[in-house]
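Data first, discussion second: the structure below is written as structure tokens.
For the single chain, residues carry numbers from 1 onward in sequence order.
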Amino acid sequence: MDNNRGRKGRAEEYRGAFFPIAPNGEEMPSWYSEMLNGIRELVSEGRRNVMFTANVQMSMMYYHIGKLILQKQEAEGWGAGVIDRLSADLKRSFPEQQGFSPRNLKYMRKFAEEWPDETIVQRCVAQLPWRHNICLMEKVKEPNRRMVYAMAALEHGWSKNILEIQLENYTIERTGKLPSNFGKTLPAIQSDMVQQMFKDPYLLDFTGADSRSREKDIEDGLTNHITQFLLELGQGFSFVGRQVHLEMAGHDYYIDMLFYHLKLRCFVVVELKAVPFDPGMMGQLSFYQSVVDDTLRHESDAKTIGLLLVKSKDETIVRYSLEGINKPIGVASWEMEMEKDLTDKWKSSLPTIEELEKELDKEYDGKSPERAPEIIGRFQSPTTAN
């Protein structure tokens, strides 16, 4: 037929039947690849939007179901038997749809109970997968901490497993807190972002070492569990090497650990000490930064950043030690386990739910963006040497 003229087929056309074969890519015009890639991006974006919209709609449905259950239960005072009956009836009414088990209906009720402000649900937590919300409800009692981690999970795209790890390790509470001189040694537009890339203290419990271990033992643990250490460091860190050898004027020097940060576009020199902080440690770290800047740093890279990990530190001594250093350096302690008094202190440092709501109001201003805003860093109160 004329419609198939010029097309390739598996066999000759016979009585209107035609089995087409796509031509080779080499036969396509030069603009074809660009068009194909553009269509692929549109399809991928469309799929993401469909999944996102479906997730939000399901979460809001669960929220309204939970709200109705909560209201009726508060008004009528009925017990668990009603939930079981309701589950059976909903399954019978919607046999093709999952999610109406008694356990999940109780989660819906709890969802509505813990988030009384529907606006916050729409703007933030409804955008998370339902399993994430169950995790937050099960593991976090404080509303402000729950909301902070919900916003961070959206911002960073954490899986449920990663969210659980971050909650257990108090990641947000430790972020942006390390003493540093970033405000003095880096451009203002960069210093705040750099501050938020680091923690204090760092939790190294996965190394298998303890407080009596030597630096080499801890380094061995960090290297053997580099994936967990990269997770502890945070997004954007790429491992370059350990005990990186420098030879200068007949002397050998070794950088404990060297990383490259993909977002900051700079090298990060990490020096690990199994002893308390001493001001003399700053000179060695600054020396390594200078060598990396001169030998490894590309002209488009930002200044090399130094991170000194020590067993313990006095904040006042660290602050004065940073005053005379012209290289960007942060000083953090490392821990092998979380101390209860520290976790209580960190929780109290988080913004209140009212402060978080105000920031959401400012950020959205009547708009409906696809995810929570990146506002977590605004609440950090780092200790810096200015």
Looking only at side chains, do [X] and [Y] share a donor and an acceptor under 3.5 Å apart?
{"X": "Thr119", "Y": "Asp117", "answer": "yes"}
{"X": "Asp301", "Y": "Tyr260", "answer": "yes"}
{"X": "His156", "Y": "Gln166", "answer": "no"}
{"X": "Gln122", "Y": "Tyr63", "answer": "no"}
{"X": "Asp256", "Y": "Gln243", "answer": "yes"}
{"X": "Gln196", "Y": "Thr175", "answer": "no"}

Examine distances only and state if a side-chain atom of [X] and a backbone atom of [Y] form a donor-acceptor pair shorter than 3.5 Å.
{"X": "Lys106", "Y": "Ser101", "value": "no"}
{"X": "Gln289", "Y": "Pro328", "value": "yes"}
{"X": "Asp252", "Y": "Glu247", "value": "no"}
{"X": "His132", "Y": "Leu128", "value": "no"}
{"X": "Asn224", "Y": "Asp220", "value": "yes"}
{"X": "Asp314", "Y": "Ile317", "value": "yes"}
{"X": "Thr171", "Y": "Leu167", "value": "no"}

Is it possible for you to say whether [X] and [Y] belong to one hydrophobic cluster, with membership spreading through side-chain heavy-atom contacts below 4.5 Å?
{"X": "Leu136", "Y": "Leu70", "value": "no"}
{"X": "Ile325", "Y": "Tyr320", "value": "no"}
{"X": "Leu272", "Y": "Ile226", "value": "yes"}
{"X": "Met281", "Y": "Tyr254", "value": "no"}
{"X": "Met197", "Y": "Ile189", "value": "no"}

Does the side chain of [X] reach to within under 4.5 Å of the side chain of [Y], using non-hydrogen atoms?
{"X": "Glu271", "Y": "Gln284", "result": "yes"}
{"X": "Met257", "Y": "Phe239", "result": "yes"}
{"X": "Arg146", "Y": "Pro143", "result": "yes"}
{"X": "Lys177", "Y": "Gln195", "result": "no"}
{"X": "Arg319", "Y": "Thr316", "result": "yes"}
{"X": "Lys327", "Y": "Met282", "result": "no"}
{"X": "Arg40", "Y": "Asn37", "result": "yes"}
{"X": "Leu308", "Y": "Val318", "result": "no"}

side-chain contact (heavy atoms from CB on, under 4.5 Å) for Tyr288 and Leu246? Distances and angles first, verdict last.
CA-CA 9 Å; Tyr288 288 154; Leu246 305 172; 3.9 Å; yes
Between Arg174 and Glu232, does the salt bridge (Lys or Arg N to Asp or Glu O under 4.0 Å) criterion hold? Intermediate values first, please.
CA-CA 11 Å; Arg174 294 183 287 127; Glu232 174 64 7; 2.6 Å; yes
Which atoms form the tightest heavy-atom contact between [X] and [Y], and what is the distance?
{"X": "Val310", "Y": "Pro276", "answer": "CB-C, 4.5 Å"}
{"X": "Leu186", "Y": "Gln190", "answer": "CD2-OE1, 3.9 Å"}
{"X": "Lys311", "Y": "Ala274", "answer": "CD-O, 3.5 Å"}
{"X": "Asn133", "Y": "Val125", "answer": "ND2-O, 2.9 Å"}
{"X": "Lys199", "Y": "Leu233", "answer": "NZ-O, 3.4 Å"}
{"X": "Ala126", "Y": "Ser59", "answer": "O-OG, 3.3 Å"}

Step by step, would you call Trp130 with Tyr62 a ring pair (Phe, Tyr, Trp, His ring centres under 6.0 Å)?
CA-CA 9 Å; Trp130 183 238; Tyr62 284 175; 4.8 Å; yes
Measure centre to centre between the rings of Phe287 and Tyr253, then say whether the value is under 6.0 Å.
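Phe287 vs Tyr253: aromatic centres under 6.0 Å.
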Could you walk me through whether Glu315 and Lys313 pass the salt bridge (Lys or Arg N to Asp or Glu O under 4.0 Å) check?
CA-CA 6 Å; Glu315 300 288 340; Lys313 63 184 186 302; 3.7 Å; yes
Please report the interatomic distance [atom1]([X]) to [atom2]([Y]), rounded to the nearest 0.5 Å.
{"X": "Arg145", "Y": "Lys139", "atom1": "CZ", "atom2": "NZ", "answer": "10.5 Å"}
{"X": "Phe267", "Y": "Thr295", "atom1": "CZ", "atom2": "OG1", "answer": "8.0 Å"}
{"X": "Gln127", "Y": "Thr53", "atom1": "CD", "atom2": "OG1", "answer": "10.0 Å"}
{"X": "Ser333", "Y": "Leu309", "atom1": "OG", "atom2": "CG", "answer": "8.5 Å"}
{"X": "Ile120", "Y": "Leu356", "atom1": "CD1", "atom2": "CG", "answer": "8.5 Å"}
{"X": "Ile329", "Y": "Asn181", "atom1": "CD1", "atom2": "CG", "answer": "6.0 Å"}

Salt bridge check: are Asp278 and Lys273 linked by an N-O gap of less than 4.0 Å?
no
Arg103/Glu138 salt bridge by N-O under 4.0 Å criterion
yes
Apply the test side-chain contact (heavy atoms from CB on, under 4.5 Å) to residues Leu230 and Phe259: give CA-CA distance (whole Å), side-chain angles for both, the deciding distance (0.1 Å), then the verdict.
CA-CA 10 Å; Leu230 287 170; Phe259 295 85; 3.8 Å; yes
Between Trp158 and Tyr149, what is the ring plane arrangement, given parallel below 30°, perpendicular above 60°, and tilted in between?
tilted
Geometric class of the Phe198/Phe182 ring pair [parallel <30°, tilted 30-60°, perpendicular >60°]:
tilted
Does atom CD of Gln98 have more than 12 heavy-atom neighbours from other groups under 6.0 Å away?
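Atom CD in Gln98 is not crowded, with 12 or fewer foreign heavy atoms closer than 6.0 Å.
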Do Glu113 and Lys67 pass the salt bridge (Lys or Arg N to Asp or Glu O under 4.0 Å) test, and can you show the C-alpha distance, the side-chain angles, and the key distance before you say yes or no?
CA-CA 7 Å; Glu113 185 177 29; Lys67 199 170 184 179; over 6 Å; no
Show your working on side-chain contact (heavy atoms from CB on, under 4.5 Å) between Val194 and Ile305 and close with a plain yes or no.
CA-CA 9 Å; Val194 173; Ile305 294 171; 3.6 Å; yes
Stepwise side-chain contact (heavy atoms from CB on, under 4.5 Å) check, Met61 with Met108
CA-CA 9 Å; Met61 178 187 72; Met108 296 178 202; over 6 Å; no
